[in-house]
Number of protein chains: 2
Amino acid sequence: MANPREGRERQPKLLRDVPVRMKDIARDLGLSTVTISKVLRGHSDIGEETRKRVLKRMQELNYQPNFAARALITGRTWTIGLVVPDLLHPFFAQVAKAISAGVRGQGYSLIITSSEEYPELERQEIEQLLARRVDVMLIASAQSTVESFRRIEDRGIPLILIDRRFVDLVANFVGVDDEAVGVLATDHLIDQGCQRIAHIRGPETSTALGRLEGFRRALAAHRLTPLAKHIVSIGASGDDRGAPGGYEATKKLLKSSPRPDGIFCFNDPIALGAMRAIFDAGLRIPEDVAVVGCGNLLYSDFLRVPLTSVDQDSSAIGKIAAELALSLVSQKKPSRPKTELVTPTLVVRASSLRH
Amino acid sequence: MANPREGRERQPKLLRDVPVRMKDIARDLGLSTVTISKVLRGHSDIGEETRKRVLKRMQELNYQPNFAARALITGRTWTIGLVVPDLLHPFFAQVAKAISAGVRGQGYSLIITSSEEYPELERQEIEQLLARRVDVMLIASAQSTVESFRRIEDRGIPLILIDRRFVDLVANFVGVDDEAVGVLATDHLIDQGCQRIAHIRGPETSTALGRLEGFRRALAAHRLTPLAKHIVSIGASGDDRGAPGGYEATKKLLKSSPRPDGIFCFNDPIALGAMRAIFDAGLRIPEDVAVVGCGNLLYSDFLRVPLTSVDQDSSAIGKIAAELALSLVSQKKPSRPKTELVTPTLVVRASSLRH
DNA sequence: TGCCCTAAAGTTATCGATAACTACAACCAG
DNA sequence: CTGGTTGTAGTTATCGATAACTTTAGGGCA
């Protein structure tokens with residue numbers, strides 16, 4: 001087989017392989033580059049004979065189209081942008097994994113960035129993705145200003161919000177039904193005979209508000225009213241958000257009177273902190289205080305007391321988001337924003353099972 | 001402020017904002033695009049006056065250079081490719097997070113892909129990244145054929161292997177000192193009075209082999225010889241690799257005679273499975289069997305028995321890998337491959353603390 | 001036979017930026 | 001006053017592909 005780059009005008013620097021271009025294949029077969037291009041795109045006005053020759057040669061030379069050149073003329077980069085608040089968080093890691101799997105083999109590349117829960121960083125990452133001209137953007141927002149999202153829409157780039165939404169922004173949304181999460185957890189605690197159920201709520205996000213709302217609704221449905229002091233917030237900043245925050249919040253809860261006999265925690269790390277505080281206070285789980293978390297993180301089964309948790313099916317969220325993204329990039333006109341809610345499920349373990 | 005796109009040849013489709021081009025700024029100021037380009041790149045042959053006017057206008061119009069156009073002519077895509085075996089695995093998630101943080105603000109975008117531990121998928125992902133012409137590739141390999149790596153090098157693209165290496169491939173490597181991991185864990189178990197130490201080893205990777213080697217070396221240094229039946233492998237396929245695999249392997253170990261009184265597990269999920277098997281056998285941890293894991297996964301503190309684990313400092317690995325990547329893309333000539341080993345530390349918790 | 005149509009290719013302009021060279025003042029030294 | 005230098009900005013070709021025409025040969029049909 002002849003060297004495809006023989007006689008090529010530009011000599012390779014050093015000894016490195018220079019990628020094969022359409023021009024190389026064209027000269028090789030005595031055709032024009034346009035013909036090669038047409039074959040690649042499955043154009044109809046190419047003879048069967050020629051088509052086969054071109055495809056064969058492409059294979060032989062392992063031709064890979066130049067994305068930059070293609071993007072420049074077509075305006076499509078075959079690139080998807082994903083912004084999450086934290087790659088280490090199992091929920092977002094799973095969502096990212098599922099999205100990655102969902103778009104695999106479709107020719108798209110996924111640029112994954114993290115805002116580290118900082119709105120300003122999120123804004124910058126979005127700008128970078130805009131500069132990259134990604135074809136579609138998926139964002140699990142760290143409470144960014146809606147301004148950034150408007151810029152995305154103004155550019156005509158499809159936007160999909162994940163997990164967290166905004167009241168004053170109409171956009172595609174894929175997430176869990178957070179009210180259902182709250183109802184599921186609270187109903188379960190009530191069902192287990194808890195009388196005074198507390199809630200450790202999350203920060204000011206749609207997620208936290210939805211779960212709180214579900215919590216309230218479930219109690220109301222049983223003619224129960226939560227005490228104000230039984231709804232506590234964790235610190236909004238940094239480390240306080242996880243287990244340490246849950247620990248502190250629970251210490252406070254346990255000192256209150258009447259003492260709660262069940263706690264619905266915004267997420268699993270908080271629940272872990274809560275459990276530790278309960279143990280430290282010399283109380284038993286679930287006999288004295290039942291605990292329900294949210295997120296169903298891995299290895300919950302291996303804890304000192306296995307943790308009951310609401311599963312958000314992050315995998316499904318990622319899968320649906322990926323499908324939606326693929327459908328959005330392939331349609332010409334912007335379509336009406338869709339909302340896709342995943343139904344949560346309760347995974348009951350020892351931390352809440354009283355009988 | 002006048003509309004920058006007034007009189008622009010190409011009308012925006014629909015009502016979407018079309019990104020500003022150099023040409024727009026140039027016409028705006030009565031200059032040529034080349035001048036704009038030179039200002040952007042800090043060329044010296046531009047007058048101070050002009051420079052300021054151009055920069056000001058760029059700001060006003062929020063100019064964002066077109067990466068595709070730039071990549072086409074310069075050959076640099078300002079893109080970094082990362083391939084990991086599993087985004088959900090806390091180790092790789094942390095590495096990815098640290099790499100992402102390490103390259104932030106440098107103008108690069110990170111394309112993160114997962115091989116799901118399948119060599120064939122890894123090969124495909126690498127091909128995709130090659131087609132994208134990424135500037136540098138970081139790979140935590142799922143035991144791919146070295147063939148793929150050769151193709152990367154032939155293209156002249158800098159390659160950095162992470163965590164897992166290959167004997168027959170000389171390439172940049174950033175990872176933990178796996179022999180030290182094995183020594184650290186084993187020394188500790190010996191120190192805690194364990195006499196018959198078992199090892200549940202991982203699959204045929206450099207990582208598993210290194211830890212096994214460290215295990216052997218530490219025992220030998222104390223004139224101990226491991227029994228062959230005390231070194232067991234977990235199933236190589238899918239689910240067996242995590243906690244379930246550890247559970248099965250440990251059941252087998254506990255039936256053997258003499259029964260081991262200490263187990264060094266390849267990773268934390270395996271250790272979790274091991275602990276469960278030990279409990280199920282009615283034995284105590286650490287009195288009857290001490291357990292050491294590896295990875296220091298989150299929430300180890302909250303387990304039924306907190307797990308002693310070797311911390312691999314995945315954050316440092318990612319940080320170093322990012323720095324190395326940035327340095328590689330900015331140098332013209334390929335340089336001699338570097339090896340950067342991070343020193344592991346032991347985090348002692350109850351699962352191994354006998355006195 | 002002559003006209004038109006179709007199939008199968010090719011020509012040319014273009015995408016947005018940069019590399020490499022050129023143009024043209026103003027200024028200076030001899 | 002002239003030739004060369006310096007400082008600034010412009011011209012032109014190019015990167016690799018695609019959009020939108022155009023060309024050409026052959027065939028069918030009246």
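Computed over heavy atoms, backbone and side chain alike; hydrogens, waters and symmetry mates excluded. By convention in this document, chain letters (A, B, ...) are assigned in the order of the sequence lines, proteins followed by strands, and residues within each chain are numbered from 1.
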Spacing between [X] atom [atom1] and [N] atom [atom2], to the nearest angstrom:
X	N	atom1	atom2	answer
B:R53	D:dT8	CZ	P	14 Å
A:R76	D:dT18	CZ	P	13 Å
B:N66	C:dC15	CG	C1'	8 Å
A:L72	C:dT14	CG	P	14 Å
A:I73	C:dC15	CD1	P	7 Å
A:K23	D:dA13	NZ	P	15 Å
A:M22	D:dT14	CE	P	20 Å
B:Q64	C:dG16	CD	C1'	14 Å

Are [X] and [Y] close enough that a side-chain donor and a side-chain acceptor fall under 3.5 Å?
X	Y	result
B:E122	B:S141	yes
B:Q64	A:Q128	no
B:R132	A:T79	yes
A:E120	A:Q124	yes

Quiz prompt | Non-neighbouring partners of A:R336 that pass side chain to side chain donor-acceptor pair (under 3.5 Å), sequence neighbours left out | solution =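 Counting only residues at least two positions away or on another chain, A:R336 forms no side chain to side chain donor-acceptor pair (under 3.5 Å).
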Counting just side-chain N and O atoms, does [X] come under 4.0 Å of either OP1 or OP2 of [N]?
X	N	answer
A:S37	D:dT18	yes
A:T74	D:dT18	no
A:Y63	D:dG16	no

Exercise. Tell me which nucleotide among C:dT18, D:dG16, C:dC15 gets nearest to the side chain of A:A69.
Key: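 Taking heavy atoms from C-beta onward, the closest nucleotide is D:dG16.
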Quiz item: Looking at the side chain of A:R41, which of C:dC15, D:dT18, D:dG16 is the nearest nucleotide?
Solution: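 Of all the options, the side chain of A:R41 is nearest to D:dT18.
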Practice problem: Enumerate the residue pairs fulfilling side-chain hydrogen bond (donor to acceptor under 3.5 Å, both in side chains) with a member in residues 92-102 of chain B, sequence neighbours excluded, ordered by first and then second residue. | Solution: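 Counting only pairs at least two positions apart or across chains, the side-chain hydrogen bond (donor to acceptor under 3.5 Å, both in side chains) contacts touching residues 92-102 of chain B are A:D86-B:K97.
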Only distances under 3.5 Å count here; give the side-chain donor-acceptor pairs of residues 318-329 of chain B to other protein atoms, sequence neighbours excluded, each with its distance to 0.1 Å.
from	atom 1	to	atom 2	distance (Å)
B:S327	OG	B:L324	O	3.1

Quiz item: Between A:D135 and A:Y108, does a side-chain contact (heavy atoms from CB on, under 4.5 Å) hold up when you go through it step by step?
Solution: CA-CA 9 Å; A:D135 292 335; A:Y108 286 92; 3.6 Å; yes
Self-check item: Pairs where residues 61-81 of chain A contributes a residue and the test salt bridge (charged side-chain N to carboxylate O under 4.0 Å, His left out) is met, not counting sequence neighbours
Solution: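 Applying salt bridge (charged side-chain N to carboxylate O under 4.0 Å, His left out) to every pair that reaches into residues 61-81 of chain A, excluding sequence neighbours, yields nothing.
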Using a cutoff of under 3.5 Å, can you pull out all pairs of nitrogen or oxygen atoms linking the protein to nucleotides 6-10 of chain C, with atom names and distances?
from	atom 1	to	atom 2	distance (Å)
C:dA9	OP1	A:T50	OG1	2.6
C:dA9	OP2	A:G47	N	2.5
C:dA9	OP2	A:T50	OG1	3.0
C:dG10	OP2	A:S32	N	3.0
C:dG10	OP2	A:S32	OG	3.0
C:dG10	OP2	A:T35	OG1	2.4
C:dG10	O6	A:K38	NZ	2.8

Quiz item: Which angle, to the nearest 10 degrees, lies between the helix axes at the two ends of the helix from C:dT1-D:dA30 to C:dG30-D:dC1, each defined by five pairs?
Solution: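 Here the local axes at opposite ends form an angle of 60°.
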